[in-house]
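Data first, discussion second: the structure below is written as structure tokens.
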Amino acid sequence: MVETDELFIRDDPIFVNKELLEINHLPDEGRIVGRDEEIKLLANAVNPAIFGQSPSNILIYGKTGTGKSLCAKHVSQRLVDAAGGEGVTAAFAYVDCAQDTTETQAVQTIASSFNGPETDVNVPDKGISTATYYKRLWRILDESYDVVLIILDEIDKLADDAILMQLSRAGEAGKLTDCKIGVVGISNKIRYKDRMDERVKSSLCEREFVFPPYDASQLGEIMEARRDAFREGVLDGGVIPRAAALAAREHGDARKAIDILRYAGEIAQSTGAERVQEGFVTDARKRAETDRFRELIRGSTPHSRYVLHALTVLSLNEPGTDGFRTTAIYDLYEEVCRQDGAESLSLRRVRDLLKEHAFLDIIEQSRHSGGSAEGSYTRHRLLEDPDVVRDVLVDEV
DNA sequence: TTTCCACGGGAAGTTAAGGCGG
DNA sequence: CCGCCTTAACTTCCCGTGGAAA
């Protein structure tokens with residue numbers, strides 16, 4: 001036990017184990033809720049690996065917070081353990097493609113995570129060519145493993161398909177002699193497959209799974225499993241059901257549901273309330289949304305925000321419309337620029353900025369055509385709550 | 001059918017900022 | 001510290017698109 005220092009308050013009146021509500025906290029085995037079927041199917045697809053045979057390559061789709069990464073990691077870990085029991089040396093690597101967007105960065109991450117002290121291969125952080133990273137990766141794999149799984153999370157954030165091509169053909173091309181590779185791609189864009197190279201598509205998508213959003217009762221269970229984060233009896237009975245209902249109605253995103261729960265606790269903390277009350281949930285949701293959105297647009301350029309600002313104003317003025325066309329947004333955008341004393345960018349550039357927002361799922365684009373001499377055009381619809389966007393944009397100045 | 005029009009987006013070029021070896 | 005190279009952000013030019021009107 002750690003010695004207690006009287007100077008600091010150690011008795012948090014609300015939380016006892018707040019880590020349980022942090023985003024990177026992974027539940028233990030058996031605490032994964034409502035994904036039994038998915039886990040079984042995933043396990044089935046990679047099952048050959050425990051005998052040292054090639055596992056199927058997998059593509060997992062599903063919106064954020066549906067447990068994709070969680071299940072992929074969970075199944076991979078169990079596979080590695082099970083294979084060990086059969087005398088097969090297995091391992092898995094996890095790559096967050098949002099962080100390693102280029103081919104080189106991704107290979108580097110894979111190679112260094114498989115590399116151990118027992119190999120005589122050195123994988124430097126940088127300084128060698130992509131081809132060299134591959135060569136070293138193949139050597140590490142052949143020397144140390146019978147079979148490996150490579151999880152590529154947020155695979156749609158990759159700049160190109162090159163690494164998928166390399167990984168999927170490593171065996172055929174004779175780069176690897178002993179080791180087998182299984183690739184687990186994770187994407188939250190259902191349409192990701194459409195723009196994949198045909199050759200990659202056929203080999204990578206041997207098995208596909210779609211993870212549905214969680215429903216209210218599952219979200220409730222997920223939060224219930226983290227009740228230990230709070231001091232006993234502090235959490236009012238209505239809080240979790242209310243948060244679950246709210247989260248299920250909007251997105252079915254477990255991560256957001258847990259965020260809501262944490263913020264509700266923080267609101268109780270900061271207002272000095274003794275208990276976390278059901279009434280805190282609404283505010284907690286708003287804070288969760290605001291924080292998440294702030295994070296999403298953190299580091300974006302001023303003009304990127306002006307464009308968003310323009311679309312937000314339009315959405316607030318005419319709620320319920322199915323979107324606004326590019327030129328309407330551009331006109332208002334120019335106005336926003338003038339108010340801010342900034343020179344406006346070209347229409348061409350604004351089109352690209354809108355596309356970037358669409359990529360981040362901040363807005364949704366749809367093509368339309370028709371009208372006299374109007375040809376085809378794009379409509380843009382804000383996916384976020386306009387009030388949240390406005391709040392973030394306003395105090396971000 | 002052809003013409004017309006506003007729009008979409010590819011290609012190539014410019015500029016400023018930042019990292020890197022010497 | 002300097003020259004060299006890469007990258008991000010943005011522009012300019014221009015061709016393709018698709019339905020309505022001629």
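Each chain gets a letter, A, B and so on, in the order the sequences are listed, and its residues count up from 1.
A donor-acceptor pair under 3.5 Å links the side-chain atoms of A:Lys68 to the main chain of A:Gly62, judged by distance alone.
Rounded to whole Å, atom C1' of B:dG8 lies 14 Å from atom OH of A:Tyr377. As a whole-Å value, the separation of A:Leu347 CG from C:dC14 P is 17 Å. Distance, A:His380 NE2 to B:dG8 C1': 10 Å, rounded to whole Å. Whole-Å rounding puts the A:Arg349 CZ to B:dG13 P distance at 19 Å. The CZ atom of A:Arg367 sits 7 Å away from the P atom of B:dG8 (whole-angstrom rounding). Taking atom OH of A:Tyr333 as the reference point, atom P of C:dC10 lies 8 Å away to the nearest angstrom. At whole-Å resolution of the value, CD in A:Glu356 and C1' in C:dA9 are 9 Å apart. One can place NE2 of A:His303 at 6 Å from P of C:dC10, the figure rounded to the nearest angstrom.
At a threshold of 4.0 angstrom between heavy atoms, the contacts of A:Arg348 include nucleobase atoms, whether or not backbone atoms are also involved.
Within the 4.5 Å cutoff, the side chain of A:Leu42 has heavy atoms near those of the A:Cys71 side chain. Contact annotation: the side chain of A:Phe211 approaches that of A:Glu38 to within less than 4.5 Å [non-hydrogen atoms, C-beta and beyond]. Proximity of A:Leu204 to A:Ile155: side-chain heavy atoms (C-beta onward) are separated by under 4.5 Å at one or more points. At a threshold of 4.5 Å between non-hydrogen side-chain atoms, the residues A:Val184 and A:Leu152 do not count as touching.
Ion pair A:Glu289/A:Lys256 flagged as a salt bridge, since at least one NZ, NE, NH1 or NH2 atom sits closer than 4.0 Å to an Asp/Glu carboxylate oxygen.
Distances shorter than 4.0 Å separate none of the side-chain N or O atoms of A:Thr327 from OP1 or OP2 on B:dA6. In terms of phosphate contacts, A:Ser376 brings no side-chain nitrogen or oxygen within less than 4.0 Å of OP1 or OP2 of C:dT17. Within the structure, every side-chain polar atom (N or O) of A:Arg379 is placed at least 4.0 Å from both OP1 and OP2 of B:dC7. OP1 or OP2 of C:dT11 lies within a sub-4.0 Å distance of a side-chain N or O belonging to A:Ser346. Neither OP1 nor OP2 of B:dG9 sits under 4.0 Å from any side-chain N or O of A:Arg351.
Residues passing the side chain to side chain contact (heavy atoms under 4.5 Å, CB included) test with A:Glu206 are A:Ser56, A:Asn57, sequence neighbours excluded.
The side chain of A:Arg325 sits closest to B:dA6 out of C:dT11, B:dG8, B:dA6.
In this structure, the helix from B:dT1-C:dA22 to B:dG22-C:dC1 shows an angle of 20° between the axis at its start and the axis at its end, each fitted on 5 base pairs and rounded to 10°.
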